[in-house]
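Step one of this worksheet: look at the structure below.
Note that the coordinates shown come from a computational prediction; the quantities given were computed from them, not determined experimentally. All values below come from the heavy atoms of this structure, side chains included, with hydrogens, waters and symmetry mates left out.
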Amino acid sequence: MQAKNIPFDNYTLCSSLAASSSIRTLNTGKQLHTHVMKLGWISNVYVGSSLVDFYVKLSIIDDAMKAFDEIPLKNIVCVNALLAGLADAKMWVQGLDLVHKLYTLGLDYDRFTLLGILRVCAGLSASELGKQVHAHLIRKNVDIEYDVFLQSSLIEMYGKCGLVEKAAYVFDLMGITRVGERNIDVVLWTSMLSCYGRNGQFKNVIRVYELMLTNEVTPDAVVFVAVISACRHTGNVNLGLKYFESMVHDFGLQPDYEHYSCVVDLLCKAGELEKAWKLVSVNNSRANVSVWGALLSACVDYGNVEMGKLAANRALELDSKNVGIYVLLSNLYANVGMWNEIEKLRELMEEKGLKKDVGHSWVDVIS
């Protein structure tokens, strides 16, 4: 089009920006941004929204915020694009500021805005605002019965705010369709499992998982992370291993790093270090630093120096500058009084320019 001097219109610019975000070509997107500014298309809210969406999808949030500010007359589409980007970047406070600007912008919420607000509430544990969103949905008679994303967002928000009973109420209410059957969408069930797991109600995680199977809901990989982790916390080794094997044999899912890490934790907590070592060694290609680190941590607890050194070596082969592994290995040596080995570790860390991070606490003081 440029070679033939065909002028751009808003459809061309929006489509080109969408394509650039899909294939993640930053330079092309920035060139299009330049054309938008030169040709005066920034005043077009649809082009402006496409620019915001482009930067959001490339995780360049500062530029997304600048592009948003450049739009003279904003609509809810560009607000939603920026709000989603801020939520993805865990910039919860900035997201809340944007929500507060909606009134001054003269804009009303839609379902995408409400989804974004619920994510911000979950990130900030802002239960009161989250309750207001829930009340808004009820007051406006929003039909969320078939909107599994709004349902799941409500459950996640209440779960992260520690309001487990309210999350369970939403799940029980929304989990039943109008014909009296259980909703079989795995997203809704996963949200409830995560809520129970996050709040330490591990027996309920297992209970809901069994209820999933009874209602013929097919679990995904995320579900198995939750239930195996719950078995670890309840000390139910055999059940955890049964679920792990069920992933492959019953549901055709391939375990990844998180699953192996959960199973290693499960076995190690029960003192089954040899079984954990065998599992990781046989599936070495699926073991990352966190998996070897979990095994090393167990060796620290049980004082198994030889296995701990092997686990540390495997972890450092994958990430030679992982300070956490050095710290765990140092703790292992300290527990058995191997002070010379600790000194060698310190010298090695100094050679590599590694330093242990200084811990700090965050205290929120309410006056």
Side-chain angles (χ1 to χ4, degrees), residues 1-2 7-130 132-133 136-137 140 142 149-150 153 156-157 160 362 364:
M1 289 180 68
Q2 285 182 298
F8 292 163
D9 60 14
N10 62 326
Y11 298 106
T12 306
L13 291 167
C14 290
S15 299
S16 300
L17 284 166
S20 297
S21 63
S22 296
I23 60 176
R24 304 185 65 82
T25 53
L26 177 60
N27 290 335
T28 302
K30 286 191 171 183
Q31 290 174 18
L32 287 166
H33 192 170
T34 302
H35 282 294
V36 168
M37 299 301 293
K38 285 183 177 180
L39 300 173
W41 279 107
I42 194 62
S43 60
N44 184 292
V45 69
Y46 300 105
V47 175
S49 297
S50 295
L51 266 175
V52 173
D53 186 62
F54 165 75
Y55 285 120
V56 161
K57 287 181 176 175
L58 269 70
S59 302
I60 309 175
I61 306 302
D62 287 342
D63 285 352
M65 295 173 72
K66 290 176 184 176
F68 177 84
D69 291 336
E70 290 170 355
I71 303 172
L73 186 62
K74 301 170 178 63
N75 67 3
I76 199 63
V77 176
C78 60
V79 170
N80 290 343
L82 181 57
L83 185 58
L86 292 170
D88 287 340
K90 299 184 179 181
M91 298 171 67
W92 314 120
V93 175
Q94 293 86 338
L96 190 60
D97 289 341
L98 179 60
V99 172
H100 289 155
K101 289 179 182 176
L102 283 173
Y103 180 77
T104 58
L105 293 171
L107 300 174
D108 198 7
Y109 314 113
D110 64 12
R111 63 179 295 274
F112 297 105
T113 320
L114 295 170
L115 280 170
I117 296 173
L118 286 171
R119 290 181 65 191
V120 168
C121 292
L124 291 172
S125 296
S127 59
E128 290 306 312
L129 179 58
Q132 290 176 32
V133 174
H136 174 87
L137 291 169
K140 294 290 185 179
V142 176
F149 296 106
L150 269 177
S153 295
E156 181 182 5
M157 182 274 296
K160 287 189 175 180
W362 181 297
D364 189 7

What's the separation between atom CD1 in I117 and atom CG in L102, rounded to the nearest 0.5 Å? 6.0 Å

Residue set satisfying side-chain hydrogen bond (donor to acceptor under 3.5 Å, both in side chains) with T113, at least two apart, ordered chain then number -> N80, D110

Closest non-hydrogen contact found for L73 with V45 is O-CG2, 3.3 Å

Of L115, V52, L98, which meets side chain to side chain contact (heavy atoms under 4.5 Å, CB included) against L83? L98

Name of the residue among L129, V120, L118 meeting side chain to side chain contact (heavy atoms under 4.5 Å, CB included) with M157: L118

Reported CG-to-CG distance for the pair L107 and N75, which is rounded to 0.5 angstrom: 7.0 Å

Measure across C121 and G130 and return the closest heavy-atom pair with its distance rounded to 0.1 Å. SG-N, 3.5 Å

In Å and rounded to the nearest 0.5 Å, what is the CD1 to CZ distance from I76 to R111? 13.0 Å

Between V47 and L17, the two heavy atoms sitting closest are O-CD1, 4.1 Å

Distance-only criterion, 3.5 Å: show the donor-acceptor pairs between side-chain atoms of residues 55-71 and protein atoms not counting sequence neighbours.
{"from": "Y55", "atom 1": "OH", "to": "H33", "atom 2": "ND1", "distance (Å)": "2.8"}
{"from": "K57", "atom 1": "NZ", "to": "D53", "atom 2": "OD2", "distance (Å)": "3.2"}
{"from": "E70", "atom 1": "OE1", "to": "H33", "atom 2": "NE2", "distance (Å)": "3.4"}

Anything under 3.5 Å between a donor and an acceptor, one on a side chain of residues 89-96, the other on a protein residue two or more places apart or in another chain? List them.
none

If you look at every heavy atom in R119 and A84, which pair is closest and at what distance? NH1-O, 3.9 Å

Would you find more than 12 non-hydrogen atoms of other residues, nucleotides or ligands less than 6.0 Å from L26 atom CG? yes

